[in-house]
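Quick caveat, the model's predicted, so the values are computed rather than measured.
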Amino acid sequence: QASNPLWQSRGAGSGPSGGRFRCPSCRHEVVLDRHGVYGLQRNLLVENIIDIYKQESARPLHAKAEQQLMCEEHEDERINIYCLRCEVPTCSLCKVFGAHKDCEVAPLPAVYQRQKSELSDGIAMLVAGNDRIQAIITQMEEICHTIEENGRRQKQHLGLRFDALCGILEERKKELLQNIAREQEEKVQRVRGLIRQYGDHLEASSKLVETAIQAMEEPQMAVYLQ
């Protein structure tokens with residue numbers, strides 16, 4: 001109260017009586033004891049925010065803006081222009097005498113504002129695109145929910161139908177299994193017969209190849225021709 005110049009102008013009758021007042025957030029009635037405001041419950045989140053604000057306020061104004069990058073080639077020269085050909089910031093001496101003397105340059109603030117504007121436009125486009133993508137994702141999630149619900153109903157309906165036809169299907173299943181087993185045995189026997197037939201053919205062909213190789217090794221022409 002003593003440090004608030006508006007308190008005295010409000011008058012004693014307008015303030016809370018008996019050290020009582022209501023919290024402006026939750027409207028809960030608070031009673032100040034002998035410790036005053038220091039006896040109130042601490043809000044660590046608000047205290048951290050206040051500490052960060054004090055630290056930021058204690059820094060020199062435009063401290064970051066006053067920090068200038070210096071040229072690597074000319075240590076005493078500040079970087080104040082932008083090379084449009086090389087797309088790098090540089091200093092005036094580099095333009096006059098250095099590596100960028102034949103390049104087209106522009107003032108650094110102008111390029112900064114242009115690229116920052118382009119980046120801002122790009123961010124706006126990305127944000128708009130993200131909004132569209134989020135809308136599509138939401139729509140797809142609804143589609144997934146619909147598909148799952150339809151699938152659940154179809155499974156339930158199919159289960160009921162198969163339960164009703166279970167007896168008939170079981171008999172039909174046994175019959176089809178027998179047919180498959182019989183056809184399988186017939187086909188296997190036929191294929192095994194072909195395997196034996198082609199095996200005999202392969203053996204005869206191998207013997208013929210062996211005989212031909214031996215004939216190729218015959219050095220005498222007359223014997224070879226016989």
Straight-line distance of Glu141 CD to Gln134 CD, nearest 0.5 Å: 7.0 Å
Under 3.5 Å: donor-acceptor pair, side chain of Ser120, backbone of Lys116: no
Gln189 versus Glu185, side-chain donor and acceptor atoms under 3.5 Å: yes
Heavy atoms of other groups near Gln139 CD, more than 12 under 6.0 Å: no
Distance, nearest 0.5 Å, that separates CG of Leu126 from CG of Asp121: 11.0 Å
Under-4.0 Å salt bridge between Arg153 and Glu149: yes
Where Cys83 and Cys86 come nearest, the two heavy atoms and their spacing: SG-N, 3.3 Å
ILVMFWY network linking Tyr112 to Leu119, side-chain heavy atoms under 4.5 angstrom: no
Spacing of Gln184 atom CD and Leu177 atom CG [to the nearest 0.5 Å]: 11.0 Å
Side chain proximity check, Ile213 to Glu217, heavy atoms < 4.5 angstrom: yes
Lys/Arg-Asp/Glu bridge criterion (N-O < 4.0 Å) met for Glu186, Arg190: no
Carboxylate-amine/guanidinium contact Glu175 Arg172, below 4.0 Å: yes
Minimal non-hydrogen separation, Glu87 against Leu84, with atom names: CG-O, 3.7 Å
Any donor-acceptor N/O pair, Ser206 side chain to Leu202 backbone, under 3.5 Å: yes
Gap separating the NE2 atom of His145 from the CG atom of Asn150, nearest 0.5 angstrom: 9.5 Å
Distance in Å, Gln115 CD paired with Tyr82 OH, rounded so as to fall on 0.5 Å steps: 4.5 Å
Pairwise distance CD1(Ile123) to CG(Asn130) - rounded to 0.5 angstrom: 11.5 Å
